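Working notes, structure below.
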Amino acid sequence: MAGAALILQNVFGRVNAFQLAAPALIIMVLAMMVLPLPPFLLDVLFTFNIALSILVLLVAVQVKQTLEFSVFPTVLLVTTLLRLSLNVASTRVVMLEGHSGPGAAGKVIEAFGEFLVGGNYAVGIIVFLILVIINFMVITKGAGRVAEVAARFTLDAMPGKQMAIDADLNAGLIGEDEARKRRQDVAREAEFFGSMDGASKFVRGDAIAGIIITLINVIGGLVIGVLQHDMALAEAARNYTLLAIGDGLVAQIPALVISIAAGMVVTRVSDEKDLSVQFIGQVFHSPNVVYITAGILGGMGMIPGMPNLVFLLLAAGLTYLGWRMAEKKRQQVRMAAVAAPAAPPPVQESQEASWSDVVPLDVLGLEVGYRLIPLVDKAQDGELLRRIRGIRKKFAQEVGFLVSPVHIRDNLELKPNAYRILLKGVEVGKGEAFPGQLLAINPGRVAGTLAGTPTTDPAFGLAAVWIEPGLRDQAQAYGYTVVDASTVVATHLNHLILSNASGLLGRMEVQQLLDHLGKEMPKLVEDLVPKVLPLGTLQKVLQNLLDEGVHIRDMRTIIETLADHAGRTQNPDELTAQVRTALGRAIVQQLYPSGNEMAVLTLDPQLERLLIQSVTGTAGAAALEPGLADGLLKEAAAAVQRQEALGLPAVLLVPGAIRLLLSRFLRRSIPQLKVIAHGEVPDNKIIKVTSIIGGRS
C-alpha cells in the first residue's frame, strides 16, 4: 500500500492542477448523465452553465484577433455536452418528482417556468419555440455558413500568405523569429476555421435535441402523471409542461448566448481593437451621418399619429451627439495646427557661385512621384522608410558591409505614381506603385484571373495585377502573392542593392570595414593594409567576390588568406582565387544550404582540356573562338533550364584554371549560373553530375 501511495504521489505531484481541470470536467459531465442529482445541485449547475455562457460571450466580444480565442471550438463542444447532460439529469428528476409540483426539479427550472412565461405553459411553448428558431435557423446556421466559407478560403489562401511571408523575410522587413511566428499563425488560423466549421454542427444538433427532449418530457410527463400518479389530465399537463418548458428555456438561453459568441468570433475582421471600440469608431465616425439620421427621425416625429415625443427626443439626442463629434474633430485639427512646426524662413538667393554649389552624387538614391510622397514622408509615418531601414540592416548582416543611406527626394518630372532608383546618379531601375492598392503577383500557377490593372513585378518581371484591397482574400485564394505599394518599392530596391553590391563597395566602405575589424584584430589588419597590400587591391578582391554573389561576412578568413599570399602576387584575380578556395565551405553552403550532396553541371573532358590549353597559352587572357563560344553558351543555357526545372541550383563545376574565364563569359547571358572550382568543394561533399556540357567547335 505504501508503494502504491508513493507511486500515486509521484504521478500526481508532477501534474499541474490546471491540467486536471479539463479531464475532471468531462468526467463530471458524463457522471451527470448516469447519476441522479438532487434539485439543489441542479440549481448550482444550471447557474454555472448560465455564467459560463455569459463569460464566453464577453471573451468573444473583447478579443482583438481571432486566434486569441483559438480554444473556442473546444469550448463550444464542452458547453454543448454540459447542456445535454443537464437536460438528461433534469429529465430524470422531472419524471420522478414532477407530480409533486413545479419546484420538483429545483428553483431555477421553476423560475424559468413560472416567472419568465407567467406560469402559462402555452406562452412557454411559444417562447421556447421562438428561441429555438432564432438559435437554429438564424444564428447557428449563419455562423456555420461563415465558418465553412472562411475555412475554405483560408485553406486556399495559405500558399499566397506563405509566399508573402517569405517575400517580407527576403526583403529584410522581418526576422526569422517573426517569419516563423507568422507561419504558425497562418497554420493555426486554417485549423481554427476548420474546427469552427465542425463545431457549429454541435450547436445545431443541440438545438434539435432541445426540441426533442422537451417533447419527450411533455409526453412522458403526461403518461407518468396520469397513469402512475393518478393525476388529472389538466393538472398533469400543467405541472409537467411547465417543468419541461422551464427545463428547455434554462438550456436554450445559454445555448443562444454561446451561438451569438460563435457568430461574433467567425464574422469579425481581425483588428488591433476590440469589438466595442471597432463598433463605436466605425458606426459613429461621421457627424454628417448622425445629423442626417436625426433629421429623418425628426421628420417622422412631425407626422400626425406617430409617437411624436419619442421620435423628437431621439432626434434631439442624435443632433447633440453629432455636434459633440464635430466639435471633437475641430479640436483635434486645432491641436494638430498648433503642434505643427513653423514654416522655415525664406532662403536668400545666392548671387555668386561657390564650391557649396558642387553637390556630390548620392551613392544610392530614390526619386518618387508626388502620389508616392506619403510612403516616404516621416511626418506621415511613411511605411517605406521603415522598410528601407530593414533592408540596409538585413544586407549588412547577410552580405557583410553597410551600404550608404538611401537618399529620397520627390521628382515632379516623374509620373505621379512612378519612382526610379539611382546608383551614383545613374538610373538602375524604375517602376510604378499605387498607394491604396495591392499588387497581386502571379508566381506561375494561379487558379483564376483578377479584375484590375495588368502590369509586371518591377523587381523580377513576373506578371502581376494591381487590385483593390477588397480583392485580397480572393487573390490569395487563387494563389497570387499579394503585397502593398511600399513592399513593391522596397523589394525592387533590395533586389537592385544585392545585384549591384560590388558597385556599392567603395574605398570608404572598405576602410570602414577595416576599422570595424581592427577593433577585434588590430594586429592582423595593421600587418596587411597598407604594409603588404594596398587598399585599392583589397577593394578589388572584395568586389570580385561580390560580383559572383559571394558574401564577405568572413573578413577574418579573407584577411588571413590575403596576408599569406600577398607577398607572392598582387594580382587581384589570383588573390581572389585563393580567397575563394579558403571560403569554399561558405560558398558551397550558400549554394547548397542542406545535405551533403551537390548536384552540379560539368564540362566534357575534351572541352576542359581545350579551354585549359587556351588559358595556358595566353597567360590567362584567353578569348574563346566564336563558334565554340556560341555552342558553349547555348548548351549551358539549356542545361541551366533543365537544372532549374528539377528545382536544383544552377552550378557549373570546372577546374580552377578556367573558372574565372567561364564565370566572366557566362555571367552576362546566364546570371543565375554560378561557376565554382574543384578546389572550392569541401572534402565531405558528395558530387552528383546531372548534366555534361560538351560544347561545339
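The shown structure was predicted, so the numbers you read here are calculated from the model rather than taken from an experiment. Throughout, numbering of the chain's residues begins at 1 and tracks the sequence.
With rounding to the nearest 0.5 angstrom, the CD atom of Glu680 is 9.0 Å from the CG atom of Leu653.
Note on residues 402-417: pairs passing side-chain hydrogen bond (donor to acceptor under 3.5 Å, both in side chains), not counting sequence neighbours, are Asp362-Arg409, Glu367-Asn411, Arg371-Asn417, Ser404-Glu509.
There is a side-chain donor-acceptor pair under 3.5 Å between Gln643 and Thr690. When only modelled atom types and interatomic distance are considered, Asn544 and Glu548 share no side-chain donor-acceptor pair under 3.5 Å.
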Sequence neighbours excluded and cut-off under 3.5 Å, please list the side-chain donor-acceptor pairs for residues 429-458, or say none.
from	atom 1	to	atom 2	distance (Å)
Asn442	OD1	Gly444	N	2.9
Asp457	OD2	Phe460	N	3.2

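The ring-ring contact (aromatic ring centres under 6.0 Å, His included) check on Phe401 picks up Phe395, with sequence neighbours excluded. The side chain to side chain contact (heavy atoms under 4.5 Å, CB included) check on Thr569 picks up Asn571, Glu574, Leu575, with sequence neighbours excluded. For Gln397, there are no side-chain hydrogen bond (donor to acceptor under 3.5 Å, both in side chains) partners at least two apart in sequence or on another chain. For Gln570, there are no side-chain hydrogen bond (donor to acceptor under 3.5 Å, both in side chains) partners at least two apart in sequence or on another chain.
A salt bridge links Lys634 with Asp630: the closest approach of a Lys/Arg side-chain nitrogen to an acidic carboxylate oxygen falls below 4.0 angstrom. The pair Asp484-Arg387 meets the salt-bridge criterion, since a charged nitrogen lies less than 4.0 angstrom from a carboxylate oxygen.
Asn500 places a side-chain N or O within 3.5 Å of a backbone atom of Leu496 that can act as its donor or acceptor partner.
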